[in-house]
Amino acid sequence: QVQLVESGGGLVQAGGSLRLSCVASGRTISNDAMGWFRQAPGKEREQVAAISWRGANTNYADSVKGRFTISRDNAKNTVTLQMNSLKPEDTAVYYCAGQLFGGSRVRPDYWGQGTQVTVSS
């Protein structure tokens, strides 16, 4: 069983940056596709970024392309989301999730508890 703990959320002004981290425990996630999802109030949860198990392939929602970067360090069992040029519409709870042998569209087997990101205008 994999446990995920996210950190790095907070309050930032529009145009600013945040770096979200996700640390996994329980087993290695080196064979898992990993993704970052977000859910804003009144909206469905959406995948914003995903990375393949080796890190060779990434996938981004159109709304974050060119601003967000997902990366992973399998040796440290971590996944990171660098968010730049943040906009108020990026405000949401961000979740880390993973799928064993998953693809570019992650269908999570497990989730983290989420971290709040708030972007003020």
Below 4.5 Å, heavy atoms only, C-beta onward: do [X] and [Y] meet side chain to side chain?
{"X": "T28", "Y": "N74", "value": "no"}
{"X": "R27", "Y": "D32", "value": "yes"}
{"X": "D90", "Y": "M83", "value": "no"}

If you look at every heavy atom in [X] and [Y], which pair is closest and at what distance?
{"X": "V5", "Y": "Q113", "value": "CA-OE1, 3.7 Å"}
{"X": "W53", "Y": "N31", "value": "CB-C, 3.6 Å"}
{"X": "S104", "Y": "A50", "value": "O-CB, 3.4 Å"}
{"X": "G35", "Y": "V106", "value": "N-CG2, 4.1 Å"}
{"X": "S25", "Y": "N77", "value": "N-ND2, 4.4 Å"}
{"X": "S121", "Y": "A14", "value": "CA-CB, 4.4 Å"}

Short side-chain to backbone donor-acceptor contact, [X] and [Y], under 3.5 Å:
{"X": "E6", "Y": "C96", "answer": "yes"}
{"X": "R72", "Y": "G55", "answer": "no"}
{"X": "E46", "Y": "E44", "answer": "no"}

Problem - F37 ring center within less than 6.0 Å of W111 ring center - result: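 Yes - the distance between ring centres of W111 and F37 falls below the 6.0 Å cut-off.
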Working to the nearest 0.5 Å, report the span between [atom1] of [X] and [atom2] of [Y].
{"X": "D73", "Y": "T78", "atom1": "CG", "atom2": "OG1", "value": "4.5 Å"}
{"X": "Q82", "Y": "L18", "atom1": "CD", "atom2": "CG", "value": "8.5 Å"}
{"X": "M34", "Y": "T58", "atom1": "CE", "atom2": "OG1", "value": "15.0 Å"}
{"X": "F101", "Y": "S52", "atom1": "CZ", "atom2": "OG", "value": "13.0 Å"}
{"X": "T91", "Y": "L86", "atom1": "OG1", "atom2": "CG", "value": "8.5 Å"}
{"X": "L100", "Y": "I29", "atom1": "CG", "atom2": "CD1", "value": "11.5 Å"}

Test of understanding: clusters of I, L, V, M, F, W, Y form through side-chain heavy atoms closer than 4.5 Å, transitively. Do [X] and [Y] belong to the same one?
{"X": "V117", "Y": "V23", "answer": "no"}
{"X": "V12", "Y": "V93", "answer": "no"}
{"X": "Y110", "Y": "I70", "answer": "yes"}

Practice task
Return each pair, listed once, that meets side chain to side chain donor-acceptor pair (under 3.5 Å) where at least one residue sits in residues 92-102; pairs must be two or more places apart or across chains.
Solution key: R38-Y94
